[in-house]
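Every chain is numbered from 1, with letters handed out A, B, ... down the list of sequences.
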Amino acid sequence: MSKGLTSRKENYSQWYNDLVIKADLAEYSSVRGCMVIKPYGYAIWEKMQSVLDKMFKDTGHSNAYFPLFIPKSFLSREAAHVEGFAKECAVVTHYRLKNSPSGNGIEVDETARLEEELIIRPTSETIIWNTYKNWIQSYRDLPLLINQWANVVRWEMRTRLFLRTTEFLWQEGHTAHATKEEAIEETLKILDIYSSFARDWMALPVVRGTKTEVERFAGAVETYSIEALMQDGKALQSGTSHFLGQNFAKAFDVTFLNREGRLEHVWATSWGVSTRLMGALIMAHSDDRGLILPPKLAPIQVVIVPIYKKTEDLELISRKAAGIKKKLEQEGITVRYDDRDTNKPGWKFAEYELKGVPVRLALGPRDIENNTVEIARRDTLEKSLHPFDGIENLVSDMLEEIQSNIYKKAVDFKEKNTFRVDTYEEFREIIEKKGGFVLAHWDGTNETEEKISSETKATIRCIPLDSEKEEGLCIVTGKPSAQRVLFARAY
RNA sequence: CGGGGUGUAGCGCAGUUGGCAGCGCGCGUCGUUCGGGACGACGAGGUCGGAAGUUCGAGUCUUCUCACCCCGACCA
């Protein structure tokens, strides 16, 4: 048990908070609802960014950057969109401060009121479509495939580190297409990118699906999402991809001349993942000793800890460690040699476990004598001794094994906690007692969906894309249903 | 916005009837330690969230105020 880390069983959300803070990923800032992402946490986010960025570029997208401020009038151009975001917008009303007449401090200069208020972007569709209007004239300008890495602000009432903060970091893709089919294809292509990123890099299995009308993005025709299951049985929406139809094109009058010389509105998509993925990563794999990071996203993949009494020992060990470090680095592995004299080995062991470093090598006088290294893996906590020779291959293989092992564990957890139920009693029982994903039939109406969510706090996470289309009867109304949908309590 | 709570050292907290501002962790120096979160000695660190009031005297009592946290309604 780690010092000061609440156990998951004791209090899951406390465990999560403790972990984020003690593993040095982030901390609360002096600004309400906003957090500071610390270097170790940001390093993980940077890894995610660089992988995703490459995936976007490999599929033809380019990065650009649009303003943080959105004129108020823009937001109201698309009816559903403004409806969805109005309640959580930060608004800039003034552009100047002045010294208080009382002499202490500063205050807003009321004479410096903005003619039109500016909204801090909660998402960028409006400013982007206002811009695209000037970029698109002909079918030759299409498709337009743009992504931006940015911060956005949503004035949430309650916040949680990484999962929901007032300001957060994300990427938002915004594309324009000549046809509906092409836009839908793009939406699905991105959904694929998200789900394979989750699987192959985060070691996180997800369910892909469409959102119900109630859960749909404000302004979208169809919203697709990936849904992940956390260890406490709650679902976390981890990425969304929207088919926007012609809603924004119409609202911002974005048209193009097609091959036949006819003017048409373009078809649009938007899609995003945020620093919320950090929350998913933390909650999906970690244990009561601390983080467990998939090696492919770990900022430090291997740490080498020297164990010594005398400085002569340290010199010998350091020479040996430098050799190992070099060999591992040649394999493309990120290694830290921690020879700080300020902490004891035991302290370091606990510290790197807390921080989720996948593999730890310990090197002491005994190892120097026997030509061995002690290898400990974070996911299973197994320790073993290995000869110095060929250590780089062993570690390299172990990293891959850890990556696949934690994925397997997550898949196993998801399967064990996914239930098919056919009655509402059973449904409530599982939602109340066990949590997890529940697959059940639903009659497709908003009323039934809202009844279920108000009675059980479980919502329809998505209508899965990949499951078989089994017909049945709605668990609440008994009306016919074309397929089971995925319910869960969600973050 | 409704309900509850907390503001005292970097962090976590104690502070009795109003009477010298404390404890643990952390931090600094020195020494012994070092194969699973070591130990000892010495030391630094405070407008007690803010303002006003009662009092010889306020961390403590009164009034006002600000901030943050937790639970609900909203959400990637």
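- As judged by a 4.0 angstrom heavy-atom cut-off over every strand, A:Asp341 is placed among residues making no nucleic acid contact.
- Minimum atom distance to the side chain of A:Arg289 is reached by B:rG36, of the listed B:rG37, B:rG36, B:rA76.
- A donor-acceptor contact under 3.5 Å is not formed by the side chain of A:Asn343 with the base of B:rG37.
- Nucleotides B:rC61 and B:rA14 place their P atoms 15 Å apart, quoted to the nearest Å.
- Of the listed nucleotides (B:rG36, B:rG37, B:rA76), B:rG37 has the atom at the smallest distance from the side chain of A:Glu351.
- Rounded to the nearest Å, the gap between the P atom of B:rG7 and that of B:rU60 is 13 Å.
- Checking B:rC69, B:rC34, B:rG36 against the side-chain heavy atoms of A:Ala350 singles out B:rG36 as nearest.
- The aromatic ring of A:Phe349 does not sit over the base of B:rG37; the criterion of centres under 5.5 Å apart with planes under 30° is not met.
- Checking A:Thr166 against A:Tyr28, the closest nucleotide of RNA chain B that is more toward the 5' end is the one next to A:Tyr28.
- When distances run from any side-chain atom of A:Lys309 to the nucleotides B:rC74, B:rC34, B:rG36, the shortest one goes to B:rC34.
- Residues A:Gly346 and A:Lys457 each lie close to RNA chain B; by heavy-atom proximity, the contact nearer the 5' end of the strand is made by A:Gly346.
- Each of A:Glu382, A:Glu353, A:Glu351 was checked for a salt bridge (Lys or Arg N to Asp or Glu O under 4.0 Å) with A:Arg360, and the lone residue meeting it is A:Glu353.
- Note on A:Lys310: nothing from the nucleic acid sits closer than 4.0 angstrom, heavy atoms only.
- When distances are taken from the side chain of A:Pro365 to each of B:rA76, B:rA73, B:rG35, the shortest belongs to B:rG35.
- Using a 4.0 Å heavy-atom distance criterion, A:Leu236 is classed as making no nucleic acid contact.
- Comparing B:rG36, B:rG35, B:rC69 by their nearest atom to the side chain of A:Arg366 picks out B:rG35.
- Surrounding CD of A:Glu455 are more than 12 heavy atoms belonging to other residues, nucleotides or ligands, all under 6.0 Å away.
- Distance from the side chain of A:Glu156 is smallest to B:rC74 among B:rC74, B:rG35, B:rG37.
- Taking the six-membered ring where tryptophan is involved, the planes of A:Phe252 and A:Phe248 are essentially parallel, since the angle between them stays under 30° and well short of 60°.
- Residue A:Thr342 is classed as having no contact, given no heavy-atom separation below 4.0 Å to the nucleic acid.
- Residue A:Arg160 is out of contact with every strand shown, counting any heavy-atom pair closer than 4.0 Å.
- Remark: A:Lys344 is not in phosphate contact with B:rG37, judged by side-chain N or O atoms under 4.0 Å from OP1 or OP2.
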